[in-house]
Number of protein chains: 2
Amino acid sequence: MRNDNIPVDPARLAIAQDVKAVLDTDFFTALCEPVRVEIIRRLITVGASDVKTIAQGMVQDRSVISRHLAMLERAGITASRKSGRRVEYDLNGPDIVAKVTDILAVIEPMARLCMPYAAQKSHNEGAA
Amino acid sequence: MRNDNIPVDPARLAIAQDVKAVLDTDFFTALCEPVRVEIIRRLITVGASDVKTIAQGMVQDRSVISRHLAMLERAGITASRKSGRRVEYDLNGPDIVAKVTDILAVIEPMARLCMPYAAQKSHNEGAA
DNA sequence: GTAATGCGTGCATATGTGTGCACATATACG
DNA sequence: CGTATATGTGCACACATATGCACGCATTAC
């Protein structure tokens, strides 16, 4: 067996850990379902709504929409509030923006190291 | 049957369409798999590598890693270059940053409209 | 009070997806 | 030339997930 103890760049190691930490699997899982994206679109269009209203005109059963909304809430994408026998759901805009902002902040330094098959910018370049 | 022709806010409608358009299902699908995230972490740590190197130390079979890399490339997350009998994969940092930047630009106006159960900032507030 | 409405959940099922093995192809090595 | 290595793919299989239905619970309407 080979002893490939290649010394890893500490900077790369740190960024790699940051990226892995910020890549919330639940968040992306919630967004990779077309039906859930459609629910998001409707919530933006009409604002906060109850389950029945959101499910109006969609082919899936109301119970399916209810489950999707619960999953979106667990992922921090929606928030809910009970109002009588109805439950109003709405997008959690600030939290979504915060999440994406965090991701962007972490992947920007990564991008400086990962420019495939092109000259990577050195620390004193880019002042074009 | 009720005739619920509720006039939708044109601004909301436009933002909703923008959000739905920018939410690339393939992109999120690629990122919601723990094994693919681990591959990303390794690529950041050691830089561009071939399939065999990436698969070293991972429990999944090399063919599985190959498939994940192909999927990541279709999603624009990695890029590949043939080098002899090997195929080097590397993260496509700039494209990833561009994608996330686009998403952030679209969801920021959405967030101003979707602040659940809190007073939404009007256009002349926020100058605190 | 009873009936009706809205919501979430257990259950069964169809579809999607990750995984490993075997094999074919392409390239390097001798 | 033949052999070894690296990669991708067809196939079968295990597991996850989305879906619809029926039901129970909570709340409103009557």
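Below, chain A is the first sequence line, B the second, and so on; all start at residue 1.
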Requested in this report: Please figure out whether A:R85 or A:T29 has its closest DNA chain D nucleotide nearer the 5' end.
Outcome: A:T29
Query raised in the report: When you match A:V64 and A:S83 each to their closest nucleotide on DNA chain D, which lands nearer the 5' end?
Result: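 Of the two residues, A:V64 wins.
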Between atom [atom1] in [X] and atom [atom2] in [N], what is the gap in whole Å?
X     : N      : atom1 : atom2 : value
A:R62 : C:dG6  : CZ    : P     : 9 Å
B:D26 : C:dT17 : CG    : C1'   : 14 Å
A:I39 : C:dC7  : CD1   : P     : 13 Å
A:R81 : C:dC7  : CZ    : C1'   : 17 Å
B:K82 : C:dT27 : NZ    : C1'   : 6 Å
A:D50 : C:dG6  : CG    : C1'   : 8 Å

Report task. Inspect the contact between A:D26 and A:R74 and indicate whether a charged nitrogen and a carboxylate oxygen are less than 4.0 angstrom apart. Result ->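 No, this pair does not count.
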Requested in this report: Inspect the contact between B:E88 and B:R86 and indicate whether a charged nitrogen and a carboxylate oxygen are less than 4.0 angstrom apart.
Outcome: yes
Query raised in the report: B:D18 pairs by side-chain contact (heavy atoms from CB on, under 4.5 Å) with which of B:I107, B:V106, B:L23?
Result: B:V106
**Report entry** Donor on one side chain, acceptor on other, A:E73 and A:S80, under 3.5 Å
**Finding:**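 Yes - a donor-acceptor pair under 3.5 Å links their side chains.
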Query raised in the report: Is the shortest side-chain N/O distance from A:S66 to OP1 or OP2 of C:dC7 below 4.0 Å?
Result: no
Query raised in the report: Which two nucleotides bound the region of DNA chain D that has atoms under 4.0 Å from heavy atoms of chain B, read 5' to 3'?
Result: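 Nucleotide range with atoms under 4.0 Å of chain B: D:dA4 to D:dC11.
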Query raised in the report: Does the base of C:dG10 carry an N or O that pairs as donor and acceptor with the side chain of A:R67 under 3.5 Å?
Result: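 Side chain to base: pair present.
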Report task. Indicate yes or no for a side-chain donor-acceptor contact from A:T53 to the backbone of A:S49 under 3.5 Å, with no hydrogens or angles considered. Result -> no
Query raised in the report: Does any N or O in the side chain of B:R42 come within less than 3.5 Å of the main-chain N or O of B:Q56, such that one atom is a donor and the other an acceptor?
Result: yes
**Report entry** Contacts of type ring-ring contact (aromatic ring centres under 6.0 Å, His included), residue A:F28, not counting sequence neighbours
**Finding:**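 Counting only residues at least two positions away or on another chain, A:F28 forms a ring-ring contact (aromatic ring centres under 6.0 Å, His included) with B:F28.
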Requested in this report: Between A:R86 and A:D61, just flag the one whose closest nucleotide in DNA chain C comes earlier from the 5' side.
Outcome: A:R86
